[in-house]
2 protein chains.
Amino acid sequence: MHAGNARTVLQPSTPRRGAALAGVRGHPRHVLDAFDRRILDIYRADTRLAAEAIGEAVGLSATAVQRRLKRMRECGVIQAEVALVSPAALGLGTTCIVGVDLEREGPEALDRFRARMARCSQVVQCYYVTGASDFVLIVQVEDMDAFVDFTREWLTPDDNVLAFTTQVVMDRAAAG
Amino acid sequence: MHAGNARTVLQPSTPRRGAALAGVRGHPRHVLDAFDRRILDIYRADTRLAAEAIGEAVGLSATAVQRRLKRMRECGVIQAEVALVSPAALGLGTTCIVGVDLEREGPEALDRFRARMARCSQVVQCYYVTGASDFVLIVQVEDMDAFVDFTREWLTPDDNVLAFTTQVVMDRAAAG
DNA sequence: AGTGAAACTTTGGCACT
DNA sequence: AGTGCCAAAGTTTCACT
């Protein structure tokens, strides 16, 4: 559904996610050694673990672990430390995966659409992709009525949205 | 997972129950009040914030914030505290969104497929959905060669996988 | 829910390989 | 480069009010 306007130009006003992708910015990237990887393996899944416990597992002192964590935060290897909150607990019982097909696919049009989605609280993830659609959105809402409201507010009125397809999530397994 | 134990226990201010995601398990029973929500809003995005800073923002003592966080952890409202690690830093430069169509769609077949995907380290997210495909996977790999390896190891050999479609992620806008 | 003491964790200085 | 040890600073946890 779309030709090869290859070079992505989606790195505009938003945060510094690009830093990690490019690997360069501010602080230089050290190569991760085996210790770093093992620390990340453990820490990634549970940030409440004390450095001493991690150190014990990987064979390093707590201080060394802390130093490495700090460096990885500064380099952008660790992008954020967040809490995963049950959507259901917040009353967001419905998740949909939406494939969006745009009419025009020039850099500015893509950029504009992405920026719109970034402002939209229901959109939890937004991927710009090759293949059947141009964008894939993960949308989290209260219920199907709220989803319809979402499409009527953010997709249907957009002149550049040619079509979209919806898949309703019935269950979800593990995440990273 | 079984969609059987539906019936969300945590009822938010807006009473509506959608399809319950695999969500709240354990020992729940407590409604989130306005304080809880404001704490979550802040804490969700950055778990390194001290309880005192959060308390200042919401008008509670550090201890009260800690107590509420602890309770929300125990109730399953806070499911995990994790670190977001740059995929690129780990050498995982390629993300694909894969729609999988199964041949048989009985409960055991679905469960079996989901269990397989849960064991597969490349699969970062796995959604069971209605619509064009049966499952949607978010797959993270080193490069396209590694993706082909993934499909040859996990999808193609599976008798029950009728077909799959791949979308390669060119850019991603993070959660709002 | 708040206060304050005890327990724990992270942070920074210093010596060392 | 990097680490480990130890003490100071900061955070969480657990009495009790």
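Chain A is the first sequence line, chain B the second, and so forth, proteins listed ahead of strands; every chain is numbered from 1.
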Task: Any B:V161 side-chain heavy atom under 4.5 Å of B:V100 side chain - done: yes
Open item on the list: I want to check something: taking the side chain as every heavy atom from C-beta on, are B:M72 and B:L32 in contact at a cut-off of under 4.5 Å?
Closed with: yes
Report the nucleotide, chosen from [options], that has the shortest atom-to-atom distance to any side-chain atom of [X].
{"X": "A:A64", "options": "D:dC5, C:dT10, D:dT3", "answer": "D:dT3"}
{"X": "A:Q66", "options": "C:dT11, D:dG4, D:dT13", "answer": "C:dT11"}
{"X": "A:A50", "options": "C:dT10, D:dT13, D:dT11", "answer": "C:dT10"}

[atom1] of [X] versus [atom2] of [N]: gap in Å, rounded?
{"X": "B:R71", "N": "C:dA1", "atom1": "CZ", "atom2": "C1'", "answer": "13 Å"}
{"X": "A:L60", "N": "D:dA1", "atom1": "CG", "atom2": "C1'", "answer": "14 Å"}
{"X": "A:M72", "N": "D:dG2", "atom1": "CE", "atom2": "P", "answer": "12 Å"}
{"X": "B:K70", "N": "D:dA15", "atom1": "NZ", "atom2": "C1'", "answer": "13 Å"}
{"X": "B:L49", "N": "C:dT10", "atom1": "CG", "atom2": "C1'", "answer": "16 Å"}
{"X": "A:E52", "N": "D:dC6", "atom1": "CD", "atom2": "C1'", "answer": "13 Å"}
{"X": "A:L69", "N": "C:dT10", "atom1": "CG", "atom2": "C1'", "answer": "11 Å"}
{"X": "A:E81", "N": "D:dT11", "atom1": "CD", "atom2": "P", "answer": "15 Å"}

TODO: Could you let me know what D:dA1 is paired to, Watson-Crick or G-U wobble, both distances under 3.5 Å, or none if it's on its own?
DONE: none
Open item on the list: Between A:T130 and B:Q167, is there a side-chain donor-acceptor contact under 3.5 Å, judged purely by atom types and distance?
Closed with: no
- [ ] Please name the residue in the list A:T165, A:L137, A:T151 that meets the side chain to side chain contact (heavy atoms under 4.5 Å, CB included) test with A:V98.
- [x] A:L137
Open item on the list: Need the glycosidic conformation of D:dA1: syn if within 90° of 0, anti if not. Which one?
Closed with: syn
Open item on the list: Below the 4.0 Å mark, does D:dT12 have OP1 or OP2 next to a side-chain nitrogen or oxygen of B:R68?
Closed with: no
- [ ] Please state whether the phosphate of C:dG2, meaning OP1 or OP2, lies under 4.0 angstrom from any side-chain nitrogen or oxygen of B:R67.
- [x] no
Open item on the list: Taking the ring of A:F135 and the ring of A:F113, is the distance between their centroids below 6.0 Å?
Closed with: yes
Open item on the list: Pick the closest DNA chain D nucleotide for A:A62 and for B:R73 by heavy atoms, then say which residue is nearer the 5' end.
Closed with: A:A62
